[in-house]
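Please read these numbers as outputs of a predicted model, since none were measured by experiment. Residues take their numbers from the sequence shown, with the count starting at 1.
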Amino acid sequence: MRIAISGAGVAGTALAHWLHRTGHTPTLIEQAPAFRSGGYMIDFWGVGYTVAQRMGIEEQILHAGYQIESVRSVDTDGKVIAALDTNVFRRLLGQDFTSLARGDLAAVIHATIADKVEMIYGDSITAIDQHADGIRLSFAHAGPREFDLVIGADGLHSNVRRLAFGPDSDFEHYLGCKVAAAVVDGYRPRDELAYVTHAAPGRQVSRVALRDDRTLALFVFRDPSSDLPADPKACLRERFADTGWECPQLLTALEGRADVDLYFDVVSQVRMDRWSQGRVLLIGDAAGCISLLGGEGTGLAITEAYVLAGELQRADGDHLRAFAAYQARLRPFIEAKQSGARQFLGFFATRTRFGLWFRNMAMRAMNLRMLTSLSAGAVRDDFDLPDYGI
C-alpha cells in the first residue's frame, strides 16, 4: 500500500522502516525544512529496545548513547545532597539500557531508510479527503496526492489528529508543568556521565554533559496556565532567576547565543477513545502521549510502529482489521504507562520543601539492593511483544 506518514521523528521513521521492510511504499512528510537530530535526552530501555534489536540498530544506538553512571541532586552551592547509582536500573532491566538524545535515536533509524523511502520536507498536510478506495491529501505547498492510508506520527500537537479527529483541546490533558531544553557549547562546569539536578519548590533545572564539549540544559516548572509564552527565554529568566545553583549562568548561556535552539512546550498527555478514523491512524505521542516526564515515550513509539506494521502484515492489508488489533493490543499498555507517568510528576516539579526532602531520601534509599525491587513495576514493561517474523 501507499502509506503517508506525517512526522519524521522517532515514531515516523521507525514506522517507515517497518513498512518498507514488509513491502509497502511509505512517504514521510515533515514540516521542518530538514531532518532534525539532537534534542533532549531520553532513557531507552524495555520493549522499544527489543524492537530496536530486531531492527538491527542496537550497535549504532549504543555508539550514539551515553552510559550515565549517576543522578545527583545538589543544593544551591552545588553540594551533592542525594545521588542515585544508575546500576539500580540495570539490576532491574539488565544491560539493555542507555541514554541518548531523542533526535539522535531518530537519526539512527532514519539512516536505515534514507535511500529507500520518499521524504518530503518543508511541507504539511492541510486536508484529508477519504473516499472508498483511498485518501486524497492536500498540502501547504505541493499538489494533491492519493494514498491508501495516512498515519499521524506528528507528536503531541498532531496536525493529522486535528484534521481527522478534532481540536487539540478535545484530547490534550495539561499536567500543570512546562518544560524547556537546549544544548549549549563550551559550558562549564562539566560532570561526565552524570545527570546533575537542582530543585526548588515547583522548579527543577538539570544539566548533562554531551560529546563535543556540549551540555544539555533542562528546565521544568509548574504553571497553572497551559498557554505558551511569546518569549520563552524571558519566561525562563523570570521563573528561574532566583532559583540558585548555576541557574544564572545557564540562563546567560541560553540568551548569549542566537543560534541556541530552545525546545519549549507544555507537559501534557493525549487520551483518546479510539486511534483510528477510517483510513487514518495515529501512533506515538499523537495517539497516546504519556508526557515527556514519563521517560519511555520514545521506546513506546518504536514499539507501536513495529506492532502496526506487524498487524498490517497479519491482516493481509485489511487496514480496518489491522487497526483494531493494533489498538486492542496496545491500548491497555499505553494507559498503564500514562498512569505511571502522572506519578513521576512530583519528582520533576516537587511542590514543597518537605516534598524535596522526601524525594532526596527516596533517591538515597533506591541505592539499597533490598529496596530496588519495589520500583520494578514502575520501569519494567508489562507487555507481551509479538514476534511478527518481519
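Within 6.0 Å of CZ on Arg364 lie more than 12 heavy atoms contributed by other residues, nucleotides or ligands. Crowding of Glu59 atom CD: a count of heavy atoms from other residues, nucleotides or ligands under 6.0 Å not exceeding 12. The neighbour count for Asp316 CG, taken as heavy atoms of other residues, nucleotides or ligands under 6.0 Å away, does not exceed 12. Atom CD of Gln31 has 12 or fewer neighbouring heavy atoms from other residues, nucleotides or ligands inside a 6.0 Å radius.
A distance of 4.5 Å separates CZ of Phe147 from OG1 of Thr27, quoted to the nearest 0.5 Å. Summarising the geometry, atom CD belonging to Gln338 is positioned 7.5 Å from atom CD1 belonging to Ile290; distances are rounded to the nearest 0.5 Å. To the nearest 0.5 Å, atoms OG1 (Thr98) and OH (Tyr49) are separated by 6.5 Å. To the nearest 0.5 angstrom, Ile390 atom CD1 is 8.0 Å from His17 atom NE2. Taking CZ from Arg162 and OG from Ser169, the interatomic distance works out to 11.0 Å, rounded to the nearest 0.5 Å. Distance check, rounded to the nearest 0.5 Å: NZ of Lys337 to CZ of Arg342 gives 13.5 Å.
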For residues 308-315, tabulate all N or O donor-acceptor pairs below 3.5 Å that involve a side-chain atom, not counting sequence neighbours.
unit_1	atom_1	unit_2	atom_2	d
Glu311	OE2	Arg329	NE	3.2
Glu311	OE2	Tyr388	OH	2.7

N/O donor-acceptor pairs under 3.5 Å from side chains in residues 345-352, not counting sequence neighbours:
unit_1	atom_1	unit_2	atom_2	d
Thr350	OG1	Gly346	O	2.4
Thr352	OG1	Gly355	N	2.9

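Sorted by first and then second residue, the ring pair (Phe, Tyr, Trp, His ring centres under 6.0 Å) pairs involving residues 112-137 (not counting sequence neighbours) form an empty list.
Between Ile128 and Ile135 there is a side-chain heavy-atom pair separated by less than 4.5 Å. At a threshold of 4.5 Å between non-hydrogen side-chain atoms, the residues Phe264 and Val179 do not count as touching. At least one side-chain heavy atom of Leu300 sits under 4.5 Å from a side-chain heavy atom of Ile334.
One N or O on the side chain of Thr112 and one on the backbone of Ile109 form a donor-acceptor pair closer than 3.5 Å. Side-chain atoms of Glu30 come within 3.5 Å of backbone atoms of Ala8 as a donor-acceptor pair (strictly under, hydrogens ignored). Of the possible donor and acceptor atoms, none in the side chain of Lys233 sits under 3.5 Å from a partner among the backbone N and O of Leu251. Judged purely by atom type and a 3.5 angstrom limit, Lys178 has no side-chain atom pairing as donor or acceptor with the backbone of Pro229. At distances below 3.5 Å, not a single donor-acceptor pair connects side-chain atoms of Arg54 with backbone N or O atoms of Gly389.
In terms of the salt bridge (Lys or Arg N to Asp or Glu O under 4.0 Å) criterion, residue partners of Arg161 (sequence neighbours excluded) are, by chain and number, Asp168, Glu172. Shown here are the ring pair (Phe, Tyr, Trp, His ring centres under 6.0 Å) partners of Tyr195, two or more places apart in sequence or in another chain: there are none. Considering only residues two or more places apart in sequence or on other chains, His110 meets the ring pair (Phe, Tyr, Trp, His ring centres under 6.0 Å) condition with Phe35. In this view, Arg188 and Asp213 satisfy the salt bridge (Lys or Arg N to Asp or Glu O under 4.0 Å) rule, not counting sequence neighbours. Contacts of Asp242 classified as salt bridge (Lys or Arg N to Asp or Glu O under 4.0 Å), with partners at least two apart in sequence or in another chain: Arg203. Remark: Tyr66 engages no residue in a ring pair (Phe, Tyr, Trp, His ring centres under 6.0 Å) (not counting sequence neighbours). Scored by the salt bridge (Lys or Arg N to Asp or Glu O under 4.0 Å) test, Glu118 finds Arg145 as partners (sequence neighbours excluded). With sequence neighbours left out, Tyr326 forms a ring pair (Phe, Tyr, Trp, His ring centres under 6.0 Å) with Trp275.
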Going through the distances and angles, do Phe171 and Arg271 end up as a side chain to side chain contact (heavy atoms under 4.5 Å, CB included)? CA-CA 5 Å; Phe171 310 109; Arg271 302 173 206 153; over 6 Å; no

Report the C-alpha distance between Arg207 and Asp191 in whole Å, list the side-chain angles of each, state the deciding distance to 0.1 Å, and finish with yes or no for salt bridge (Lys or Arg N to Asp or Glu O under 4.0 Å). CA-CA 9 Å; Arg207 61 168 168 80; Asp191 293 84; 2.8 Å; yes

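Nearest heavy-atom pair across Asn159 and Ile125 is ND2-O, 2.7 Å. For Gly284 against Glu304, the heavy-atom pair with the smallest separation is N-OE1, 2.6 Å. Between Val267 and Ser291, the closest heavy-atom pair is CG1-CB, 3.9 Å. Considering all non-hydrogen atoms of both residues, Asp154 and Ala286 come closest at OD1-CB, 4.0 Å. Nearest heavy atoms, Gly48 versus Ile302: O-CG2, 3.9 Å.
Between the side chains of Ser276 and Gln327, not a single donor N or O lies within less than 3.5 Å of an accepting N or O. A donor and an acceptor atom, one from each side chain of Ser73 and Arg359, are located under 3.5 Å apart. There is a side-chain donor-acceptor pair under 3.5 Å between Asp265 and His157. Between the side chains of Gln249 and Tyr187, at least one donor N or O lies within less than 3.5 Å of an accepting N or O. Side-chain contact annotation: Ser268 with His173, donor-acceptor N/O pair under 3.5 Å absent. When only modelled atom types and interatomic distance are considered, Ser99 and Asp43 share a side-chain donor-acceptor pair under 3.5 Å.
Under the 4.5 angstrom side-chain criterion for Ile, Leu, Val, Met, Phe, Trp and Tyr, the cluster partners of Met361 are Phe354, Trp357, Phe358.
With Thr298 as the fixed residue, the side chain to side chain contact (heavy atoms under 4.5 Å, CB included) test singles out one of Asp285, Thr303, Leu105: Leu105. Tested against Pro26, the residues Leu15, Leu149, Ile113, Leu19 include a single side chain to side chain contact (heavy atoms under 4.5 Å, CB included) partner, Leu19.
Under the 4.5 Å side-chain heavy-atom criterion for ILVMFWY residues, no single connected hydrophobic cluster contains both Leu356 and Val196.
Between Trp45 and Phe97, the ring-plane angle classifies as tilted under the 30° and 60° cut-offs. Taking the six-membered ring for Trp and thresholds of 30 and 60 degrees, Phe240 and Phe219 have ring planes more than 60 degrees apart, a perpendicular arrangement.
Between Asp185 and Arg214, no side-chain nitrogen of the basic residue sits less than 4.0 Å from a carboxylate oxygen of the acidic one, so the salt-bridge criterion is not met.
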